[in-house]
Amino acid sequence: MFMKMTGILSSVVLVFFFFHEIIGVKTRLISTQTRGQLTSDEGICKLLVESRGYVCEEHTVTTKDGYILSLQRIPTGLTNYTLEDSKPPVLLQHGVLMDGVTWLLNPPDQSLAFILADSGFDVWVANSRGTKYSLGHMTLSFNDSAYWDWSWDELMEYDLPEIVQYVYNQSGEQKLHYVGHSQGTLIALTAFSQQKLLNMVKSAGLLCPIAYLSRMTSPLAKNAAENFVTEFMYWSGLHEFVPRGEAVMTLLKEICRKQGIDCTDFLTSFTGVNCCLSTSTVSTFLQHEPQSTATKNMIHYSQMARDGTIARYDYLDPNKNKEQYGQAKPPEYDLTNIPNNLPLFIAHGGRDELADVDDVKFLLDNLKNHDRDKFFLHFIEDYAHADYVLAMNAKEFVYDRLMDFFRKVDQS
Ligand SMILES: *[C@@H]1O[C@H](CO)[C@@H](O)[C@H](O)[C@H]1NC(C)=O
Ligand SMILES: *[C@@H]1O[C@H](CO)[C@@H](O)[C@H](O)[C@H]1NC(C)=O
Ligand SMILES: *[C@@H]1O[C@H](CO)[C@@H](O)[C@H](O)[C@H]1NC(C)=O
């Protein structure tokens, strides 16, 4: 423990000097852009769904810890227009540094949300706390550092159950199909491992599953974790992680320069080489994404990358951990507790540098006793992290299979 702390401290000191050398004091001013207070005319429905001719409803959900989240519903398709009530509900949960827009960026015949609506599903799109369309809170402003005091533990504990319960209620208490990408898989896996949500979820499609991170190959993410970059940001008062803010950009560029990583294209150096994104998709993507998250959330990921565990956030202080968890070390999540009969569809790619093949193997090992007829594994050699949500051929390679899986579950 002592050795580990010494290592941490020396890294922190290094990063500290390096940070001041390159950025100076300006960094404190970054996260204060004018945002929030969006009218419904500026919501996701108006922007990306109704403009394409689809029916769309804006909903909001308030979590038990006060966050006000926006949720969009596409109750019917365009090519398959019916308003019957008994359609199977599907909830789409995006990944970290993204929001619900992710599922709607491509043309309708390539975007999962529209494809599902056109195939007869009742589609719900979630937006996690801290993203552009979910910045509200009962008492806090997103300008307050207290607003950003959370990691994916809270997304699992508060956001996800509230959203799932809401969709379940709205769809006449039908169990729903869940689709998660990246962080959207992590919060579902950890919730299921504690027997949560199971009375409301009938199956889960997990795209680029994140559970273990210690073998990830993304040079950018790996170096940031090893150098305690996010910890340093937090300690210097940057509680909101603004991916395109000056502080983050400068630090990343510096890592790239020092480590000789080619970062001319940040999306690629972060996610891996995506095979099938069109140029126009990438440019639309960059108009909307990436989104902010809590710096504390990024620290939690760094801990997972360094420690190889999947556990609650570590305060690195036995007393603080005791106060939060009743024990000196943060409790680990045990994914072998996921019920073997929960229908699971897991899709991952050979070029994904975040949900990398070796870490996914470790996850699959945790699921090795899963009922074979409830388990569908789909590997695509050429796909990287963003292909699963943005590739122009994802319908053929992933979504058609995912929908077949949902239909099979509905029929059984
Ligand atoms: C956040 O801070 C900015 C800049 O100080 C201010 O313009 C904005 O109104 C604040 N927003 C909220 C919701 O407090
Ligand atoms: C249209 O929706 C219905 C359910 O409402 C579904 O059974 C059917 O397969 C869908 N048709 C197409 C072409 O996707
Ligand atoms: C769902 O419905 C139950 C029972 O009517 C109600 O108590 C609960 O507040 C509702 N929750 C949400 C998130 O809509």
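From a predicted model like this one, the values you see are computed outputs, not experimental measurements. Whatever order the structure lists ligands and atoms in, that order sets their numbers, starting from 1.
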Assess whether ring-ring contact (aromatic ring centres under 6.0 Å, His included) is satisfied between Y234 and F241, documenting all intermediate values. CA-CA 9 Å; Y234 190 82; F241 185 90; over 10 Å; no

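Listed by first then second residue, pairs satisfying disulfide (SG to SG under 2.5 Å) with a partner in residues 48-91 read C45-C56, not counting sequence neighbours.
Sorted by chain then number, the residues whose non-hydrogen atoms approach ligand 2 to under 4.0 Å are N80, T82, E84, D118, S119, G120.
Of all atoms in ligand 3, listed by their number and element, those nearer than 4.0 Å to a heavy atom of E162 are 13 (C). Heavy-atom proximity to Q165, at under 4.0 Å, picks out these atoms of ligand 3: 1 (C), 11 (N), 12 (C), 13 (C).
For C275, there are no disulfide (SG to SG under 2.5 Å) partners at least two apart in sequence or on another chain.
Here the NZ atom belonging to K175 is positioned 10.0 Å from the CE atom belonging to M200, to the nearest 0.5 angstrom.
Remark: R401 fails to qualify as a cation-pi partner of F406 under the 6.0 Å distance and 45° angle criteria applied to the six-membered ring.
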Which atom pairs, donor and acceptor, lie under 3.5 Å between side-chain atoms of residues 369-376 and protein residues at least two apart or in another chain?
residue, atom, partner, partner atom, Å
H370, NE2, N340, O, 3.2
H370, NE2, L342, O, 2.7
R372, NH2, K368, O, 3.2

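Taking the six-membered ring where the residue is Trp, W103 and H181 present perpendicular rings, their angle passing 60° and hence far from 30°.
Taking distance alone, with nitrogen or oxygen atoms compared against 3.5 Å, N169 approaches ligand 3 more closely than that limit.
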